[in-house]
Number of protein chains: 2
Amino acid sequence: MTQATTGPGGTDEASPRPGRLSADDWARAGLHLLMTEGRQAVKISRLCSDFGVTKGSFYWHFADFDALMSAIARLYFSRELDAARGLVAVEAMPVEERLETMAAMLVDSRAFEGEAAVREWARADESVAAAVRDLDQRILRVVHEAFVELGFSEPEARVRAGLLVYAGIGFVYGRSALPVPTVDEIHEILALLMRRDG
Amino acid sequence: MTQATTGPGGTDEASPRPGRLSADDWARAGLHLLMTEGRQAVKISRLCSDFGVTKGSFYWHFADFDALMSAIARLYFSRELDAARGLVAVEAMPVEERLETMAAMLVDSRAFEGEAAVREWARADESVAAAVRDLDQRILRVVHEAFVELGFSEPEARVRAGLLVYAGIGFVYGRSALPVPTVDEIHEILALLMRRDG
DNA sequence: ACCTGAACACCGTTCAAGT
DNA sequence: ACCTGAACACCGTTCAAGT
């Protein structure tokens, strides 16, 4: 069988049998569709025709559509551990560099369509929503901690961290409508938030 | 006509014929479903069974599902003119009160589920996305103008207005995961943004 | 173990026919 | 003018049968 199944993910890394698919293959293709064409493009029949198999094949690997979505979520958030590990790496930096790096990450982040798609999807899937909440809280904690280290009081740090993180989340959604801040403007924002009273 | 059709929107205001529905009835019921149960709950068959009619009835009033959605969008944004008119009313206020009112509106706004639902929906419907963009840009312009009136330079005002509006948008999405700012904290945020250099 | 093929339920869509 | 009833396409789901 020399037929090159024109399906996605042509990563021929010693699959058990030539044409056979794994659950991971389905999840990967589903994640790709989710990222590139949005939530409503993820359909079993679409994946089947992309892979050139029938739906029965899908139902061998997954109980139902939600199971596929959960697998995609696990896949996405296991990659997203990179972002979380990025958070860990960031915590080792000196405070001011740390805040600059985080602000740059919030605004300049990779895969924005992906981020927005996942958050939209989170509204329909509680397990995804929980994962997004965890990530947001973790980011808030790191930013808050940074302001505390800079010498701000608890309430001062809370206000500054909240403003910055909410703005970052808003940026994921609103950037298509509103002007995107430049690097210089990000510097100004941080200078503004790090300024001391009086 | 004592028969109380148990459908939604029981606003008996002299309908042309007892049991007959108008396109507006469908849009109103659809908007209600959208707000209360989310985008994926808005289904023609669901509305039909709620109204106690067949699908043919729906297709008398609308060309297809997208036409229903457009009608819902028009309905929503005509109500949302209240918010836009709120914007107009707000422009008459003295600057500092104006900013406080807007910040309070962003955070304390009515119908949050509705706001988030509409923005989610905007990702799938370009006409809705355009309406949301218009509203966001309008808000940004008003906030930006306020900072200019306070004596800030163009770039200073842009940074401050952008930060505040992005945070407001982020709040619509992130408030389920992150702590909700108190009234005092909103005051602090504004004080922070209105503080002059040096 | 992995997939085909044929069936079914559900939902959007069409249309001729009713009042 | 507004709706019924019956049809069809599409998609998720099931399952017996194939290799």
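A note on names: the letters A, B, ... follow the listed sequences, proteins ahead of strands, and every chain is numbered from 1.
Within residues 37-45 of chain A, the residues having any heavy atom closer than 4.0 Å to DNA chain D are, in order of number, A:Lys43, A:Ile44, A:Ser45.
If you check every strand for non-hydrogen atoms under 4.0 Å, A:Ala23 touches nothing. Heavy atoms of B:Ala67 sit nowhere under 4.0 angstrom from any nucleic acid atom. Using a 4.0 Å heavy-atom criterion, one finds that B:Phe65 contacts the sugar-phosphate atoms exclusively.
Ion pairing of B:Glu154 with B:Arg158 is present here, as a side-chain N (NZ or NE/NH1/NH2) and a carboxylate O approach within less than 4.0 Å. Here B:Arg46 pairs with B:Glu37 in a salt bridge; the nearest charged N to carboxylate O distance falls below 4.0 Å.
Within a 6.0 Å sphere centred on NE2 of B:His61, other residues, nucleotides and ligands contribute more than 12 heavy atoms. The environment of A:Glu96 atom CD is sparse: at most 12 non-hydrogen atoms of other residues, nucleotides or ligands sit within 6.0 angstrom.
Listed for the B:Glu188 side chain is no donor-acceptor partner under 3.5 Å among the backbone atoms of A:Glu156. The backbone N or O of B:Thr182 lies less than 3.5 Å from a partner atom in the side chain of B:Glu185, making a donor-acceptor pair.
Under the Watson-Crick or G-U wobble criterion, with both distances below 3.5 Å, C:dA16 is paired with D:dT4.
Set against D:dC3, D:dC11, C:dC2, the side chain of B:Trp60 has D:dC3 as its closest nucleotide. Here the side chain of B:Thr54 is nearest to one of D:dT13, D:dC3, C:dC2, namely D:dC3. Distance from the side chain of B:Leu21 is smallest for D:dC3 among the nucleotides C:dC2, D:dT4, D:dC3. Side-chain proximity of B:Tyr59 to the nucleotides D:dC2, C:dT4, C:dG12 is greatest for C:dG12.
When rounded to the nearest whole Å, the span between CG of A:Asp66 and P of D:dG12 equals 12 Å.
Listed pair B:His61 / D:dA1 fails the phosphate criterion, with no side-chain N or O lying under 4.0 Å from OP1 or OP2.
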